[in-house]
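Worksheet: one structure, shown below.
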Protein chains: 2
Amino acid sequence: MNAPSAKLTKQGIRAVAARAGVSTASVSRALNNPDAVSPSLRARIAQAIEAVGYIPHAPARILSSRRSRTLGAIVPTIDNTMFARGIASLQKYLSSVGYMLFLTTSGYDLDVELQQARNLIGRGVDGLVLRGDCHHEGLRKLLADNAVPFINVGIYQPDRPYPCVGTNNEAAAHRAAEHVIELGHRRIGIVSALQRNNDRAGARVAGFRRALAENCLELPPEWHVEVPYTLDDAREAARHLLNLKNRPTAVVCGNDVIAYGVLLEAERSGFSVPRDLSVVGFDDLDWSRHLRPSLTTIQVPTDETWQRAGEYLVRSLAGEQTIMHREIDFSLVVRESTAPPPAIPK
Amino acid sequence: MNAPSAKLTKQGIRAVAARAGVSTASVSRALNNPDAVSPSLRARIAQAIEAVGYIPHAPARILSSRRSRTLGAIVPTIDNTMFARGIASLQKYLSSVGYMLFLTTSGYDLDVELQQARNLIGRGVDGLVLRGDCHHEGLRKLLADNAVPFINVGIYQPDRPYPCVGTNNEAAAHRAAEHVIELGHRRIGIVSALQRNNDRAGARVAGFRRALAENCLELPPEWHVEVPYTLDDAREAARHLLNLKNRPTAVVCGNDVIAYGVLLEAERSGFSVPRDLSVVGFDDLDWSRHLRPSLTTIQVPTDETWQRAGEYLVRSLAGEQTIMHREIDFSLVVRESTAPPPAIPK
DNA sequence: GCTTAGGATGTAACCGTTTTCAGAAAGTGC
DNA sequence: GCACTTTCTGAAAACGGTTACATCCTAAGC
């Protein structure tokens, strides 16, 4: 009808500006840098925002400012307690500092991971959280070309030029193996996760082997089994191991879920843990201390690890200097599933 | 130096356009609607995109087109197998149809949920996936004001005007209770999840109570315990229940994790399941069939539920007509943890 | 051969912010 | 009272795409 009515048709920040009788610049400032605007204006603008029900349009903001206050994360799968916990912790930290998290999954496929990274970069994320240091060769170039900061989490590799935060999986697995060796075991098997595209699993196997080698112990090929992630797979592997004529007296597992499978299968096959077989896990999930027998395992501070990853990126983005390689301590938790080996049969 | 060099400084789509010797409109068309551009041009553009290493800028695209091909989801927590599975399934489906998922968590706090919704709307999501129908009163208004389609997942309420997809929790819990009643139990307790801000938990308790009422069975207050989500909490509740002078012969649990707690605690207290106590769970997580005794429980197709939620929104956004209320069938899985009650003692 | 419909391409306005730059207002010091 | 800072505010140009509209071509219809 008249001039003022035209104003009512405005959208977004302009509607707020019109309502408060100020320019869009002032509204923007009131929002992003409140100190730069006088208290009276700030109040008037706050009121207008409330009245209009204004919600800032993030895409426009990102486009204009070239910063999204959003981090991207790519994990193999969300359906795994370790990652779920880690992501939850990261998300919690990020929201506490006003950042958001854009989460995607790769399904342990490096090509998919690369694609997701492209996706997230296109989305305008300020930084990327990746799992491990086993990536598609194009990923590093992509990150460099687009100047996207990133960090590898869950591993500790101080010798590499890329930032990382995590426990030293090799050392931790070494400790797990030493534990059963100290108990007197000489015939020790390992059920690991699939090592392909999984440097974490690989490092654990390496640490285990090193411990054996240092103690002059043999690892017959049939005592090393690799399994996918499910309980069923772990049980099947355990069945194989337990049915061997010449079976080990102790089994070190690549993670707790695998250990659960070994425990369940041992019980089902009539073996008593730890009397007939010692079992060591890795991760220390909730179930480990509830199980009967409770599980001896390596405790890994997942929450801290992922939060530190967030901290690293946020600080880097703020221009602060921070440590590139941060090691997160693990610890061996001895419970009921390990004991000295049975007396030599013959 | 010269005119052409200026072109080299261009960014994004304009760089691609310059390189291919076409307009930005053509590049955009080649990307979004390939059929609208001639094959030869399409090829030339594809090559230019490759050469420049062009990654479309999603925020700009969203700003301009007013559509993001992104859905938002708000779940209480990601650190819960049910939600993790659901999200994984939803994400998988969405990526198969070219959508992305923006995930946030509310920590079972309705205010936070509302805030996250505002957040996601500001982010430009095309639709929202919510858990249950227990929301902040302002949320409905927010969604309506911004014309954001949404769906409540994990519940089935055909009488309400909002779209939803999920199992009928009331009926499922009723079935669980009936199962133990049919076995001959008359003294039945329940350990439920916290009902506050959790309509799912509430519906399950209601179904349980209805089954009892229909069979003229009493529920002494001390036989109904509510617990938070962890195994430890569940064990404590079970301890309480098992130490009662006058204890139930069967316990229906609000979810499988609670049931695990009851199982563990029963064993620890010297009770034999199902001889001394029958236990029914709800969800049918992985562990349920591996446990000893294996757990009788209600099987809920989580994957299907969440995928359907995605389907509903994607179809709605495509303008297709779809059913607003979709019921997902549950089923009772009878395993080892339930049996007729012990013979009457005296 | 001329008209015309329709497809392929280009031009440029616009999406909702931020931010540079400049101008106005309000203090300061003398 | 005047020149000079220092604050505060506004005008307008990006940011990187999409898309309505205009234009140019080609081929069909007569």
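Quick note on labels: first sequence line is chain A, next is B, and so on, each numbered from 1.
With sequence neighbours left out, the side-chain contact (heavy atoms from CB on, under 4.5 Å) criterion links A/Ser106 to A/Ile74, A/Pro76, A/Val112, A/Glu113. Partners of A/Asp303 according to the salt bridge (Lys or Arg N to Asp or Glu O under 4.0 Å) rule, which considers only residues two or more places apart in sequence or in another chain, do not exist here.
The line from CD of A/Gln116 to OG1 of A/Thr104 is 4.0 Å long, rounded to the nearest 0.5 Å. Atom CD in A/Gln157 sits 12.0 Å away from atom CD in A/Glu327 (nearest 0.5 Å).
With salt bridges taken as basic N to acidic carboxylate O contacts below 4.0 Å, none links A/Arg140 and A/Asp145. Between A/Asp35 and A/Arg29 no salt bridge is recorded (no basic side-chain N to carboxylate O distance below 4.0 Å).
Defined by atom type and a distance below 3.5 Å, a donor-acceptor pair is missing between the side-chain atoms of A/Asn152 and A/Arg160.
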Its contact letters, B for base, S for sugar-phosphate only and - for none at protein heavy atoms under 4.0 Å, make nucleotides 16-24 of chain C read BBBBB----
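For the segment residues 33-45 of chain B, the set of residues with a heavy atom within less than 4.0 Å of an atom of DNA chain C comprises B/Val37, B/Ser38, B/Leu41, in numerical order. Using a 4.0 Å cutoff on non-hydrogen atoms, no part of residues 118-126 of chain A comes near DNA chain D.
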Kindly determine whether A/Thr70 and B/Arg123 satisfy side chain to side chain donor-acceptor pair (under 3.5 Å), including the steps that lead there. CA-CA 11 Å; A/Thr70 297; B/Arg123 230 70 200 188; 2.2 Å; yes
| field | Derivation and outcome, side chain to side chain donor-acceptor pair (under 3.5 Å), residues B/His325 and B/Asp159 | value | CA-CA 9 Å; B/His325 308 282; B/Asp159 50 323; over 6 Å; no
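Between B/Cys164 and B/Asp133, every side-chain heavy-atom pair lies at or beyond the 4.5 Å cut-off. Looking at heavy atoms from C-beta onward, A/Val153 lies out of side-chain contact with A/Leu130 at the 4.5 angstrom threshold.
Axis angle, first five pairs versus last five pairs of the helix from C/dG1-D/dC30 to C/dC30-D/dG1: 40°, rounded to 10°.
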